[in-house]
Amino acid sequence: METTRFAPSPTGYLHRGHAFAAFTAAQAAAGGRFLVRIEDLDISRARAAYERALLEDLTWLGLEWESPVLRQSTRGDAYRSAVAALAAQDLLYPCFCTRREIAEEMARAVEAPHRAGQPRYPGTCRRLSRQEVRQRQAAGQPFALRLDAAAAARRLPALSFEECGRGPAGEQGQIAVQPEFFGDVVLARKDLPAAYHLAVVIDDAFQGITLVTRGHDLFEATYVQRVLQALLQLPVPRYAHHRLILEQGRKLSKREPSSTLRSLRAQGVTPAQLRRELSLA
Ligand code: GLU
C-alpha cells in the first residue's frame with residue numbers, strides 16, 4: 001500500500017502535464033493514500049485563486065485525495081528546525097551574492113562545462129572569513145543559506161535511491177547519487193524559510209510518503225534531496241519518475257493558456273478524453 005502525493009505550486013493554471021502527473025500519482029496510490037500538497041512557499045508568485053482553481057480542476061479530473069491538504073506556507077517551524085539541524089552540523093554558509101554577481105562570476109569561472117539548465121554557484125561566499133561574514137551580517141546585508149555540498153558528501157557514505165519508474169535516460173533500480181550535481185544549493189533565505197529541495201524532503205517525511213511520482217525534470221533533484229534525507233535522518237521514499245507531456249517538443253507552461261485544463265474544459269474536452277490522449281485510459 002503506497003502513500004503518494006501530487007505537489008503542485010499554485011503559480012498558474014494546471015495544464016496537461018500536471019493532469020498526467022496527478023493521474024499517475026493517484027494511480028500508483030490505488031488502494032493506498034493519495035495526498036495533494038500545495039507548494040506555495042514562493043509567496044511572491046503563489047495565488048489563492050490558482051490554488052482554488054487547481055483543486056477544482058483535480059475534482060473535475062475525477063481525483064479524490066485526503067483532506068485537509070498540506071500547505072507549505074504553514075510549515076515554517078518545521079523548516080526552520082531542519083535548517084538549524086543542518087547549521088549545527090556546520091554544513092550551511094551564508095551567501096551574500098546577488099543573482100547578477102553569480103552570473104558574472106560564472107561567466108568568468110573556468111570550470112568544466114556543465115549541463116544546460118543546471119543552476120550552479122561558484123562558491124564565492126564559501127571562502128569568506130568568519131570575520132567578513134560577521135561584518136556583513138552586522139551591516140544588515142541580506143543573505144541566503146547554502147548547503148556546502150562537498151562537505152556534506154565527505155560526511156556521508158555513498159548514497160542511492162530506488163527508481164521504480166524510469167529516469168530520463170531509462171535509469172531503473174538503484175541509482176547512485178551524485179551529491180554535488182547541483183553544487184551548493186540555496187536552502188533558505190530571509191523571505192523563505194526553506195527552498196524547494198528542503199521543504200520537499202521535510203514534507204515527504206512528515207506526510208509518510210512511500211512513493212514519490214513526478215516528472216523526469218526532477219530526476220536529478222533527487223540527488224540533493226537524498227543527501228538532505230541522509231543528513232536529517234529522514235525515511236527515504238521510493239521514486240517513480242515519469243515522462244513529460246510536451247507540446248511541440250517544448251515543456252508546457254502555466255503561462256500559455258492554450259494547454260491549461262481550464263481551456264480544455266471550456267473547449268468541451270472530457271476527463272476520459274484527456275486520459276486517452278495522455279495514453280492513460
Ligand atoms: N512543486 C513542484 C512543481 O510544481 C513539484 C515538486 C515535486 O514533485 O517534488 O514542479
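Both ligands and their constituent atoms are indexed starting at 1 by order of listing. All values reported here derive from a predicted model rather than from experimental measurement.
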Problem set entry | Presence of salt bridge, Arg37 and Asp204, under 4.0 angstrom | yes

For this session: Report all protein residues having a heavy-atom distance below 4.0 Å to some atom of ligand 1; order the list by chain, then number.
Result: Arg5, Ala7, Ser9, Glu39, Tyr196, Arg214, Leu218

Problem set entry | Basic-acidic side-chain contact under 4.0 Å: Arg100, Glu104 | yes

Problem set entry | Ring center gap for Tyr223 and Phe182 short of 6.0 angstrom | no

Exercise. Which class fits the ring pair Phe20 and His242: parallel under 30°, tilted 30 to 60°, perpendicular over 60°?
Worked result: perpendicular

Exercise. Residues in ring-ring contact (aromatic ring centres under 6.0 Å, His included) with Phe161, at least two apart?
Worked result: Phe219, Tyr239

Exercise. What is the distance from atom OG1 of Thr213 to atom NE2 of His241, rounded to the nearest 0.5 Å?
Worked result: 9.0 Å

